[in-house]
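The structure under discussion appears below in the form of structure tokens.
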Amino acid sequence: MKVDWSPLDAAMEGRAPVFWWRDDDAVEPTPALDRLLNLTASVGAPLTLASIPARTTAALANRIAPDASVSVAVHGWAHKSHAPTGEKNAEFGAHRPLAARMAEAERGLRAIGDTFGKQALPVFIPPWNRMAPDMPEALAAAGYRGLSVYGERVPTVSPLPRFDAHIDPIDWRGTRSTVDPAHLIARVCDLLRDDAPIGLMTHHLAHDEAIWATVEGLARRLTERGARWVSLSDLVAGKVAT
């Protein structure tokens, strides 16, 4: 597929915008994970894996241990929806008492910390990018230092700092393959209207060859045009100047 990158090139002219990369659902080493890690390393992009605590394995920790540029955040607990039939999937929606939800969130924080040690990141990433509004304050009290969902350019003020992702290369509601690259480029150009960090969200286990091509094409083009890839860890720590 021939992609017209000229709008993106023009939007990045003379600039060095900040991007960061989050990938959801990792639980064990796979060829797809190897492909993702090779890609992020080749473009110099630190990677945060949103790992499912109830299913993650020591093998995943062993696989990424040599790479200090990889961190691991808490992707809910079991990636299990508790929403009633007919409602959007949510593991941490208001369908259960806060105490039950927080018991899992706290257990997830401990599990990721125990499994990944220094690579663990106390950031909560709810499955399906949604959760009840009473969660942020409770998460902060439980020791989380950040929250990441999808979509808001300037997140609502919260008791917990928000680091949202903004770019998704998958057409989840349609083909479940790649989105139209032209639409993705237009999205990035719109995000470049200000200097706030821009989050790329991927799901390596769901990628077909078309999605891989879109992700790799975008990541390499951004890098070639001067993007500054930073870690979510540094964003949480306030170490990134925009």
Side-chain angles (χ1 to χ4, degrees), residues 12 15-26 33 36-51 53 56 60-61 63-76 105 108-109 112-126 129 136 139-140 142-169 188 191-204 215-216 218-242:
M12 293 188 65
R15 301 178 62 189
V18 172
F19 287 81
W20 65 278
W21 196 324
R22 158 191 150 193
D23 185 274
D24 292 4
D25 301 341
L33 179 63
L36 175 69
L37 294 171
N38 289 335
L39 173 56
T40 55
S42 72
V43 299
L47 177 67
T48 292
L49 296 173
S51 185
T56 198
L60 177 60
R63 171 65 181 84
I64 67 169
D67 192 345
S69 71
V70 180
S71 59
V72 183
V74 184
H75 198 31
L109 183 61
I112 293 299
D114 290 346
T115 302
F116 296 98
K118 292 182 179 180
Q119 287 173 291
L121 185 61
V123 171
F124 190 74
I125 301 177
N129 291 289
L139 290 168
Y144 281 93
R145 295 181 58 201
L147 168 66
S148 180
V149 293
Y150 179 81
E152 286 197 36
R153 190 67 179 117
V154 182
T156 305
V157 175
S158 164
L160 200 59
R162 284 266 296 273
F163 306 92
D164 284 3
H166 313 97
I167 308 168
D168 187 345
V188 178
L191 292 166
L192 287 167
R193 293 178 185 275
D194 62 52
D195 294 325
I198 298 171
L200 169 63
M201 179 180 72
T202 57
H203 289 74
H204 68 280
V215 171
E216 181 170 356
L218 177 64
R220 295 197 184 284
R221 196 69 174 202
L222 290 172
T223 303
E224 291 167 3
R225 295 299 170 178
R228 290 185 292 147
W229 291 103
V230 304
S231 68
L232 181 55
S233 301
D234 281 350
L235 286 172
V236 171
K239 296 180 179 180
V240 178
T242 56

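- In terms of heavy atoms, A73 sits closest to I125 at CB-CD1, 3.8 Å.
- A heavy-atom distance below 4.5 Å is not found between the side chains of V236 and P161.
- The shortest distance between side-chain heavy atoms of P169 and L218 does not fall below 4.5 Å.
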Legend entry - CA sep, side-chain torsions, deciding dist, call: T115, V72, side-chain contact (heavy atoms from CB on, under 4.5 Å): CA-CA 10 Å; T115 302; V72 183; over 6 Å; no
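- Residue pairs that meet the salt bridge (Lys or Arg N to Asp or Glu O under 4.0 Å) test with at least one member in residues 223-242, sequence neighbours left out, are D9-R225.
- For Y144, the ring pair (Phe, Tyr, Trp, His ring centres under 6.0 Å) partners at least two apart in sequence or on another chain are F124.
- Residues L222 and M12 have side chains in contact (heavy-atom distance under 4.5 Å, counting atoms from C-beta outward).
- How far CD1 of I64 is from CG of L33: 8.0 Å, rounded to the nearest 0.5 Å.
- In plain terms, the two heavy atoms of A140 and P159 that are nearest each other are CB-O, 4.0 Å.
- In this structure S69 satisfies the side chain to side chain donor-acceptor pair (under 3.5 Å) test together with D67, sequence neighbours excluded.
- Between F19 and V188 the shortest side-chain heavy-atom distance falls below 4.5 Å.
- Rounding to the nearest 0.5 Å gives a distance of 8.5 Å between CG of L49 and OG1 of T202.
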Inset, instruction - Determine, stepwise, if the pair L192 / I198 fulfils side-chain contact (heavy atoms from CB on, under 4.5 Å). - result: CA-CA 8 Å; L192 287 167; I198 298 171; 3.8 Å; yes
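- Considering all non-hydrogen atoms of both residues, L147 and P126 come closest at CD1-CD, 4.0 Å.
- The salt bridge (Lys or Arg N to Asp or Glu O under 4.0 Å) contacts involving residues 154-164 comprise E152-R162, R162-D164, where partners must be two or more places apart or lie in separate chains.
- Considering all non-hydrogen atoms of both residues, L139 and A105 come closest at CD2-CB, 3.8 Å.
- The salt bridge (Lys or Arg N to Asp or Glu O under 4.0 Å) search around D23 returns none, not counting sequence neighbours.
- With sequence neighbours excluded, the residues forming a side chain to side chain contact (heavy atoms under 4.5 Å, CB included) with S71 are T48, L121, S233, listed by chain and number.
- Judged as a ring pair (Phe, Tyr, Trp, His ring centres under 6.0 Å), and not counting sequence neighbours, the contacts of W21 are W229.
- Counting heavy atoms from C-beta on, the side chains of S42 and R220 come closer than 4.5 Å.
- Separation of atoms CG (L39) and NE2 (H204) is listed at 12.5 Å; rounding is to 0.5 Å.
- Contacts classified as side-chain hydrogen bond (donor to acceptor under 3.5 Å, both in side chains) and involving residues 191-201 (residues at least two apart or in different chains) are given here: R15-D195, R153-D194, D190-R193.
- The two atoms that bring V70 and Q119 nearest to each other are O-NE2, 3.1 Å, heavy atoms only.
- When the side chain to side chain contact (heavy atoms under 4.5 Å, CB included) test is applied to D114, no partner is found at least two apart in sequence or on another chain.
- A distance of 5.0 Å separates CZ of R63 from CG of L37, quoted to the nearest 0.5 Å.
- L47 contributes atom CG, which lies 10.0 Å from atom CH2 of W20 (distance to the nearest 0.5 angstrom).
- Taken from CG in L160 to CZ in R145, the straight-line distance is 10.5 Å, to the nearest 0.5 Å.
- Pairing each heavy atom of F163 with each of L235, the nearest pair is CE2-O, 3.5 Å.
- With sequence neighbours excluded, the residues forming a side chain to side chain donor-acceptor pair (under 3.5 Å) with D25 are H75, H79, listed by chain and number.
- Residues passing the side chain to side chain donor-acceptor pair (under 3.5 Å) test with T56 are S51, sequence neighbours excluded.
- Listed by chain and residue number, W172 satisfy the ring pair (Phe, Tyr, Trp, His ring centres under 6.0 Å) test with H203 (two or more places apart in sequence, or in another chain).
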